[in-house]
Amino acid sequence: GSIGAITASFANQVAPNGSAATFSGFGVAVQTVTGGAYADTFTIGTTGAITHVIDGGAGTDTTNIGVSAAFVNAGSIDTENVNMTVANGADVTLSGATFHSGVDKVVLTGGNSLSTFASGTLHTNLKSFDASGFSGNVALTLAIDAADTTVSFTGGPLLTDSLSYE
């Protein structure tokens, strides 16, 4: 993995001779990465007050990212799948941008009973938010009239999880 800020592009990975890209970077500096035409995977270490810029390109891409309490902006992560692992005891509030319009599925894991994950208003293109592997409290916000059969939410083990509308 990379310790410092990185800018990388795999956009030249196209048919017929290209392949999916796999990128790993530490979360201590901005990672700016562009994917190619395949199902790319981007892994970013535990991140605080840093806004990473991940553009998956074509293909069904995945970002795996660890987040701590200072993480506030996921809006510049543009991959179809986002897997977030919350640090134990961290209270994460997405007060910046929530998820990019290109994100279809978010899986939230990690945390403990002292952890909280709160979103701003989630983008209406989001199809699935699964917090069943998250041990803390989840408080999600959805736009008014955005809850229909095209979106699913799965909470975690705590009875205090909530979904509100604004």
Side-chain angles (χ1 to χ4, degrees), residues 1-68 70-87 90 92-111 117-134 138 140-143 146 148-156:
S2 165
I3 293 178
I6 291 289
T7 298
S9 176
F10 301 97
N12 63 344
Q13 295 298 311
V14 296
N17 298 320
S19 62
T22 300
F23 174 87
S24 295
F26 290 106
V28 297
V30 175
Q31 308 296 294
T32 303
V33 187
T34 302
Y38 299 94
D40 304 316
T41 301
F42 310 96
T43 301
I44 308 296
T46 301
T47 296
I50 296 172
T51 301
H52 299 290
V53 180
I54 309 295
D55 180 354
T60 302
D61 308 301
T62 300
T63 297
N64 303 305
I65 186 168
V67 296
S68 65
F71 185 76
V72 298
N73 189 336
S76 58
I77 298 173
D78 183 12
T79 57
E80 287 77 8
N81 303 305
V82 176
N83 301 318
M84 299 181 86
T85 303
V86 176
V92 177
T93 300
L94 296 182
S95 58
T98 57
F99 297 98
H100 190 277
S101 63
V103 174
D104 296 331
K105 179 181 179 182
V106 175
V107 176
L108 188 67
T109 60
F117 182 89
S119 74
T121 303
L122 296 170
H123 199 282
T124 56
N125 290 355
L126 185 68
K127 296 179 177 99
S128 170
F129 192 103
D130 181 355
S132 62
F134 179 60
V138 180
L140 303 176
T141 303
L142 193 61
D148 58 23
T149 59
T150 65
V151 63
S152 69
F153 295 95
T154 305

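This chain uses plain numbering: 1 for the first residue, then up along the sequence.
Separating the CD atom in Gln31 from the OG1 atom in Thr7 is a distance of 8.5 Å, to the nearest 0.5 Å. The distance from the NE2 atom of His52 to the OG1 atom of Thr32 is 9.0 Å, given to the nearest 0.5 Å. We find the CG-CG distance between Asn83 and Asn64 to be 4.5 Å, quoted to the nearest 0.5 Å. Separation of atoms CZ (Phe10) and CZ (Phe42) is listed at 7.0 Å; rounding is to 0.5 Å. Of the inter-residue distances, the one linking Ile44 atom CD1 with Ile77 atom CD1 reads 7.5 Å to the nearest 0.5 angstrom. Rounding to the nearest 0.5 Å places OG of Ser128 at 9.0 Å from CG of Asn81.
The minimum heavy-atom distance linking Ala29 with Ile50 is given by the pair N-CD1, 3.5 Å. The heavy-atom pair separating Ala21 from Asp40 by the smallest distance is N-OD1, 2.6 Å. Heavy atoms only, all atoms of each residue included: Leu94 and Asn73 are closest at CD2-N, 4.1 Å. Scanning both residues, Thr98 and Leu122, for their nearest heavy atoms gives OG1-CA, 3.9 Å.
Residues satisfying the side-chain hydrogen bond (donor to acceptor under 3.5 Å, both in side chains) test with His100, not counting sequence neighbours, are Asp78. Residues forming a side chain to side chain contact (heavy atoms under 4.5 Å, CB included) with Thr109 (at least two apart in sequence, or on another chain): Thr85, Val107. The side-chain hydrogen bond (donor to acceptor under 3.5 Å, both in side chains) search around Ser19 returns none, not counting sequence neighbours. In this structure, Asp55 has no side-chain hydrogen bond (donor to acceptor under 3.5 Å, both in side chains) partners at least two apart in sequence or on a different chain. Here Ala143 pairs with Thr121, Thr124, Ala146 under the side chain to side chain contact (heavy atoms under 4.5 Å, CB included) rule; sequence neighbours left out. Evaluation of the side-chain hydrogen bond (donor to acceptor under 3.5 Å, both in side chains) rule for Asp104 yields Lys127 as partners, not counting sequence neighbours.
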- Item | Stepwise side chain to side chain contact (heavy atoms under 4.5 Å, CB included) check, Val33 with Ile54 | CA-CA 5 Å; Val33 187; Ile54 309 295; 4.1 Å; yes

- Message: Could you go through Val138 and Phe153, starting from their C-alpha distance and side-chain angles, then the distance that decides it, and tell me whether this counts as side chain to side chain contact (heavy atoms under 4.5 Å, CB included)?
- Response: CA-CA 11 Å; Val138 180; Phe153 295 95; over 6 Å; no

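Proximity of a side-chain donor or acceptor of Ser68 to a complementary backbone N or O of Thr47 within less than 3.5 Å is detected. Side-chain atoms of Gln13 never come within 3.5 Å of backbone atoms of Ala20 as a donor-acceptor pair (strictly under, hydrogens ignored). Counting only distance, with no hydrogens or angles, the side chain of Asn125 and the backbone of Ser101 share a donor-acceptor pair below 3.5 Å. The main-chain N or O of Ser95 is never found under 3.5 Å from a side-chain atom of Thr93 such that the two would form a donor-acceptor pair.
Between Phe117 and Phe99, the ring-plane angle classifies as parallel under the 30° and 60° cut-offs.
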